[in-house]
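None of these values were measured; they are calculated from a predicted model.
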Amino acid sequence: MCNVHLSCPPYIKYHVHDRPIFSDLGKWGTGDWGLRLQQVVWNLLSNAVKFTSSGGRVEVCLEQVNSNVQITVSDTGKGISADFLPYIFERFRQADSTTTRVENGLGLGLAIVHHLLEMHSGTVYAVSEGKGKGATFTVLLPLLEPQVKQLINESEVKVDNLSLLDGLQILLVDDNADTRELIAFILEESGARVTAVSSVGEALEALGRLQPDILVSDIGMPDEDGYSLIRKVRAQEAEQEEKIPAVALTAFARDEERRLALQAGFQVHLSKPIEPEELVTVVANLAKGNKEC
């Protein structure tokens with residue numbers, strides 16, 4: 001039986017096709033992939049539950065298809081319109097982007113699913129007959145033969161991004177919970193230890209307590225913004241030799257925003273949606289440059 005344990009509402013129905021191949025989750029990947037697979041299924045399941053009313057049905061099916069593991073999560077919920085379906089896995093995309101929409105969040109769960117599966121040579125796609133007709137998400141993952149798995153485990157070659165930020169303590173500041181989750185996930189996947197907070201006040205408290213290596217902060221926040229944060233940080237550092245490297249995140253890519261961020265005291269400005277490799281590379285280079293100073 002596969003090692004995925006989920007607690008769900010009583011109207012969710014499970015169908016697991018019993019095949020010997022699923023008795024060993026290790027055949028599906030290496031390292032901590034078992035935990036990541038749980039996150040993939042949980043994000044898909046959470047999304048299905050979110051858009052399925054009470055009395056509806058959500059099914060999770062698991063089976064082997066040729067040399068792949070196939071996981072399907074289907075629901076009888078709101079469905080997906082044909083014009084939005086091609087963009088369903090893009091970060092910060094929503095079918096309903098109005099300020100009065102009932103469901104909160106930026107729809108980052110599906111973007112995380114897509115990112116995780118790409119890292120492990122998997123794919124995911126969505127099918128829906130339209131609004132009000134439910135949706136089905138299908139995950140395909142290649143199976144690893146035992147000898148292939150052994151070769152990977154014994155290999156000394158590692159993917160650079162998986163250890164690029166090893167040992168780095170990063171303070172992440174963003175008032176949006178979904179954005180914090182996504183960015184923290186990206187940084188932690190590369191080995192960083194991330195402390196995520198939602199306000200300038202929490203950030204200043206954490207800076208004094210943790211003395212992190214890097215600060216990553218959103219600019220647009222209520223009450224006090226990222227500019228206010230970095231100015232207070234630089235003021236506190238006025239008599240210190242070391243200054244914490246800082247990355248500004250904004251929803252704009254205009255030169256004006258970049259100039260304002262640098263003038264305020266940030267070293268780097270990145271615009272949303274964040275590209276994982278770019279973020280990891282920027283943080284790694286800032287940390288390296290700070291150590292060499």
Side-chain angles (χ1 to χ4, degrees), residues 31-32 35-36 39 91 105-106 108 112 115-116 158 160-251 258 260-293:
D32 66 347
L35 295 175
R36 295 310 183 196
Q39 185 172 7
R91 291 185 295 278
L106 292 173
L108 296 176
I112 290 175
H115 177 67
L116 271 174
K158 303 294 181 184
D160 289 342
N161 272 13
L162 295 182
S163 58
L164 204 56
L165 305 182
D166 268 359
L168 280 184
Q169 173 71 52
I170 297 175
L171 176 61
L172 170 63
V173 191
D174 199 301
D175 64 298
N176 186 280
D178 284 337
T179 307
R180 286 200 308 274
E181 178 187 359
L182 176 64
I183 296 174
F185 165 75
I186 292 170
L187 296 171
E188 288 169 349
E189 278 293 294
S190 294
R193 290 174 290 122
V194 180
T195 299
V197 299
S198 61
S199 68
V200 170
E202 291 177 343
L204 292 173
E205 187 277 330
L207 278 168
R209 175 169 49 87
L210 300 173
Q211 297 184 331
D213 301 299
I214 301 286
L215 170 65
V216 178
S217 177
D218 186 30
I219 293 297
M221 295 184 289
D223 299 326
E224 286 189 274
D225 60 19
Y227 296 132
S228 175
L229 170 61
I230 196 63
R231 291 187 185 110
K232 290 183 176 182
V233 170
R234 296 308 181 214
Q236 292 178 358
E237 296 173 335
E239 298 181 0
Q240 301 176 12
E241 291 185 7
E242 294 187 3
K243 299 184 185 301
I244 184 172
V247 180
L249 307 178
T250 74
R258 183 174 291 104
L260 289 173
L262 297 180
Q263 284 182 347
F266 289 98
Q267 275 77 27
V268 179
H269 165 277
L270 294 178
S271 59
K272 298 176 181 178
I274 302 299
E275 292 298 330
E277 288 188 7
E278 181 182 19
L279 175 63
V280 170
T281 301
V282 163
V283 170
N285 286 339
L286 276 178
K288 181 181 179 182
N290 197 50
K291 289 179 179 178
E292 292 176 351
C293 291

Next on the checklist: If the test is side-chain contact (heavy atoms from CB on, under 4.5 Å), which one of Asp213, Val283, Leu210 qualifies with Ile170?
Outcome noted: Val283
Checklist entry - Does the Arg180 side chain pair with the main chain of Val173, one donor and one acceptor, at a distance under 3.5 Å? => result no
Next on the checklist: Has Glu224 got a side-chain atom pairing as donor or acceptor with Gly201's backbone, closer than 3.5 angstrom?
Outcome noted: no
May I ask you to test the [X]-[Y] pair for a side-chain heavy-atom distance under 4.5 Å?
X      : Y      : value
Leu249 : Ile183 : yes
Val200 : Asp225 : no
Asp218 : Thr179 : no
Ile230 : Leu215 : yes
Ser199 : Asp175 : no
Glu205 : Val197 : no

[X] versus [Y], closest heavy-atom pair with distance:
X      : Y      : value
His269 : Thr250 : NE2-OG1, 2.9 Å
Ala287 : Ile214 : N-CD1, 3.9 Å
Ile112 : Leu182 : CG1-CD1, 3.5 Å
Ala248 : Ile219 : CB-CD1, 3.9 Å
Arg234 : Ala264 : CG-O, 4.4 Å
Ala246 : Leu286 : O-CD1, 4.3 Å

With rounding to the nearest 0.5 angstrom, report the [atom1] to [atom2] distance, [X] to [Y].
X      : Y      : atom1 : atom2 : value
Gln236 : Lys243 : CD    : NZ    : 11.0 Å
Ile244 : Gln267 : CD1   : CD    : 9.5 Å
Glu278 : Leu270 : CD    : CG    : 5.0 Å
Gln211 : Leu171 : CD    : CG    : 12.5 Å
Ser198 : Asp174 : OG    : CG    : 9.0 Å
Leu172 : Ile186 : CG    : CD1   : 10.0 Å

Next on the checklist: Are more than 12 heavy atoms, taken from residues, nucleotides or ligands other than Glu202, located less than 6.0 Å from that residue's CD atom?
Outcome noted: yes
